Amino acid sequence: MHRYRSHTCGALRETDIGKDVRLSGWCHRIRDHGGVLFIDLRDHYGITQVVCDPDSKAFKLAETLRSEWVIRVDGKTRKRPEGTENPDLPTGQVEVYVSEIEVLSAAAELPMPVFGEADYPEDIRLKYRFLDLRREKLHNNIMLRGRVIDSIRKRMKDGGFFEFQTPILTASSPEGARDYLVPSRIHPGKFYALPQAPQQFKQLIMVAGFDRYFQIAPCFRDEDARADRSPGEFYQLDLEMSFVTQDDVFNAVEPVMRGVFEEFANGKSVTQKFPMIPYAEAITKYGSDKPDLRNPIVMQDVSEAFRGSGFKIFANILAGDSKAQVWAIPAPGGGNRAFADRMNSWAQGEGQPGLGYIFWREGEEGGAGPLAKNIGPERTKQIADQLGLKVGDACFFVAGLPKNFYKFAGAARTKVGQELNLIAQDRFEFCWIVDFPMFEWNEEEKKIDFSHNPFSMPQMGVEEFLALDASDADKILGIKAYQYDIVCNGTELSSGAIRNHRPEVMEKAFAIAGYPKEVLEEKFGGMLNAFRLGAPPHGGIAPGIDRIVMLLAGEENLREVVLFPMNQKAEDLMMGAPAEVTPKQLKELSIRIDLPKK
RNA sequence: GGGGGCGUAGCUCAGUUGGUUAGAGCGCUGCCCUGUCACGGCAGAGGCCGCGGGUUCGAGUCCCGUCGCUCCCGCCA
């Protein structure tokens, strides 16, 4: 017999009754009845009930066992007595009557239990990650992650993509997030950077003629964390294709995403054909470039209903600036004062002066609330007609310059959807967001910036683009890029683009964003050189693996789907990173520490 | 860098207008228990109420500061 086990803890069935077996695992739960003692023995594969009584020579030792001790047991598989079967366990028809126990590893008192699903503080969970990972939910999430990645790989290879590895130690890039830097010992004073994404490498792979690249790629960005953004490092399904249009990329990626989600959706429905929503439309309808389409609320411009009206605050805002607008956020089913007031105080909590509203209720079919009184019944009806609102509904209003308030309007749309339970929980709602602006105005620095990444191809003829005059800001700011996102349930899952493979267009684009040719040469010289020596038109996208798994696992936080995550302050509490290093190490790197003064 | 929430036993939490000795459940320790699977029963240990200062006759409770965790904003080509 094997030293540790003849079966796993999830293996035994009625067909094994009568067999002498050997199991190893953790003492998940121990129930000592004095004369009979049960141990739920757990390993990766499942749980088997192990029984001991005073007739067994292992009984004395069994009584000393504690939670999470690792033991080996020998015994005989037998049918459970009539009426004591456990239908919740695959092994629940049988049990193992123990003849011998060997303690392989004892466990001290636990800082957190493995048994049960009680919530524990994150710092304890992170410090004792290996215990947390023993727990069913996290264990399953990590296994799901592995299966999702397997599925992605298979689908990508079936789609004609080839897997490549790109360097981890590379050069710092001037755009984008802060880099993680690695000092060079051989070149004192110089640094490698960890890649924020293998962006340039994958483009160079296209220039090298490999045609279709993918990689489950680690990416490193020194940015502050969010619930859906790990600090430090995360993984992307990075992919790139040659000789493609935007549609070709969509047709390659959409089936992979849909297929993976359908495979692991667990009964939830998945969008069959991802709708394409232009960026500008997403902003005006949903107040976000990552709209949650499970939320049926669509906002509308209702400026005309307020222009010159008796509601002076809005009327004055509209009169004061031709670009000012009033947007309506319909709230079907929210037609009562309590809800409207709750939204209003929520808005104040968000730092807004308040949230104007009208609601329609029995006896006040013409609209209730101070705002309705100010603008009068005719305009109120105009709003109700435009938005299709009826008795029992409400509507909220925000006014000002859309570029300043659209985020808040989007947040209000989400809040209304949540409060009124309008968000369908049984669906994965996908869409493409397309036609992102190429440039944006940087108000702080009074200059034009790239609005997304500088490698996208502008949606403009080469001649016309090269002829652009830097002073023609309006025209420049109106240029769209072949830049696109995949959004699912309000989470940005991917970002991609058709790349700019023309050196002269790239020079022009960087010039518009205020980067002289020398900077471009210094920072992107490698890629620029490549583009001067025969580059195929190419494009790609990079879906975030962690976020995909998070959605499929039904988790709200990335840390629930990452094996060994860092906390929000980018610390690994288990390994103790980051940490100080020895003076000798620093000296070798020609680095002297100069801490900021408190 | 900024804002919100939280911080009471190992853990989850309760703790009234500021008022005797700060409680419960889980876990832990001991004893009892032969069919449990969230086993059950009895007993027990375990608290700088995050930390520092203040108001008060009296602070877990009120005020100020600080630290920790978390969520959000900035940031994330």
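If you're wondering where the values come from, they're calculated on a predicted model, not measured in any experiment. By convention in this document, chain letters (A, B, ...) are assigned in the order of the sequence lines, proteins followed by strands, and residues within each chain are numbered from 1.
- Across all strands shown, B:rG7 pairs with B:rC67; the Watson-Crick or G-U wobble distances both stay below 3.5 Å.
- Taking atom P in both B:rG19 and B:rA38, one finds a spacing of 41 Å when rounded to whole Å.
- With respect to the salt-bridge test (charged N to carboxylate O, under 4.0 angstrom), the residues A:Asp16 and A:Arg13 do not qualify.
- Comparing B:rC75 with B:rC6, their P atoms sit 28 Å apart, to the nearest whole Å.
- Judged by Watson-Crick or G-U wobble contacts below 3.5 Å, the nucleotide B:rG47 has no partner.
- Side-chain contact check for A:Asp485 and A:Tyr279: no donor-acceptor pair (N or O, by modelled atom type) lies under 3.5 Å.
- Minimum heavy-atom separation, A:Ala58 to A:Ser99: CB-O, 3.8 Å.
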Would you mind writing out the side-chain donor-acceptor pairs for residues 217-227 of chain A within the sub-3.5 Å range, not counting sequence neighbours?
{"unit_1": "A:Arg221", "atom_1": "NE", "unit_2": "A:Gln196", "atom_2": "O", "d": "3.1"}
{"unit_1": "A:Arg221", "atom_1": "NH2", "unit_2": "A:Gln196", "atom_2": "O", "d": "3.2"}
{"unit_1": "A:Glu223", "atom_1": "OE2", "unit_2": "A:Arg178", "atom_2": "N", "d": "3.0"}

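- Look at the P atom in both B:rG41 and B:rC26: the space between them is 8 Å, to the nearest Å.
- Going from atom CG of A:Asn557 over to atom P of B:rC72 covers 8 Å, rounded to whole Å.
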**OP:** Sugar-phosphate atoms are those with a prime plus P, OP1 and OP2; base atoms are the rest. Using that split, label each nucleotide of nucleotides 30-38 of chain B B, S or - for protein heavy atoms under 4.0 Å, 5' to 3'.
**Re:** S--BBBBBS
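- For RNA chain B, the residues of residues 224-237 of chain A within the heavy-atom distance limit of 4.0 Å (strictly under) are A:Asp224, A:Arg226, A:Ala227, A:Arg229, sorted by number.
- When the P atom is compared between B:rG60 and B:rG54, the two are found 15 Å apart, to the nearest whole Å.
- Checked against the 6.0 Å centroid criterion, the rings of A:Phe524 and A:Phe510 qualify as a close aromatic pair.
- Spacing of C1' atoms, B:rG5 relative to B:rG23, comes out at 25 Å, to the nearest Å.
- Pair check for B:rA22 finds none; no Watson-Crick or G-U wobble contact set falls under 3.5 Å.
- Remark: the separation of the C1' atoms in B:rU21 and B:rC49 is 15 Å, to the nearest Å.
- Atom-to-atom, CD of A:Gln418 to P of B:rC71 comes out at 16 Å; the value is rounded to the nearest Å.
- Residue A:Gln196 contributes atom CD, which lies 15 Å from atom P of B:rC75 at whole-angstrom precision.
- B:rU56 and B:rC63 are spaced 16 Å apart, taking the P atom of each and rounding to whole Å.
- Spacing of C1' atoms, B:rG50 relative to B:rG10, comes out at 16 Å, to the nearest Å.
- Taking the six-membered ring where the residue is Trp, A:Phe250 and A:Tyr484 present perpendicular rings, their angle passing 60° and hence far from 30°.
- Contact check of residues 559-578 of chain A against RNA chain B (heavy atom, cut-off under 4.0 Å) returns A:Arg559, A:Asn567, A:Gln568, A:Lys569, A:Glu571.
- Rounded to a whole Å, the CZ atom of A:Arg135 is 12 Å from the C1' atom of B:rC26.
- Checked by atom type and distance alone, the side chain of A:Thr491 never pairs as donor or acceptor with a backbone atom of A:Leu493 at under 3.5 Å.
- A:Asn141 and A:Glu555 share a donor-acceptor pair across their side chains, judged by distance under 3.5 Å alone.
- Evaluation of the side-chain hydrogen bond (donor to acceptor under 3.5 Å, both in side chains) rule for A:Glu419 yields A:Arg342, A:Lys415 as partners, not counting sequence neighbours.
- Annotation: side chain of A:Val36 is in contact with side chain of A:Phe38 (closest heavy-atom distance under 4.5 Å).
- A salt bridge links A:Glu560 with A:Arg125: the closest approach of a Lys/Arg side-chain nitrogen to an acidic carboxylate oxygen falls below 4.0 angstrom.
- Nucleotide B:rU34 forms no Watson-Crick or G-U wobble pair with any nucleotide shown, as no partner meets the under 3.5 Å limit on both distances.
- Residue A:Tyr97 is tested with A:Thr77, A:Asp53, A:Asp55 for a side chain to side chain donor-acceptor pair (under 3.5 Å); the sole match is A:Asp53.
- Heavy-atom minimum distance, A:Asp238 versus A:Lys202: OD1-NZ, 2.8 Å.
- A cation-pi arrangement is present between A:Lys447 and A:Tyr515 under the rule of less than 6.0 angstrom and at most 45 degrees off the ring axis.
- Going from atom CZ of A:Phe408 over to atom C1' of B:rC72 covers 15 Å, rounded to whole Å.
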**OP:** Produce a footprint string for nucleotides 9-15 of chain B: one letter per nucleotide, 5' end first; B if the base is under 4.0 Å from any protein heavy atom, S if only the sugar-phosphate is, - if neither.
**Re:** -SSS---
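- Under 3.5 Å, the side chains of A:Asn567 and A:Glu122 contain no donor-acceptor pair of N or O atoms.
- Look at CG on A:Asp179: it is 18 Å from P on B:rC75, rounded to the nearest Å.
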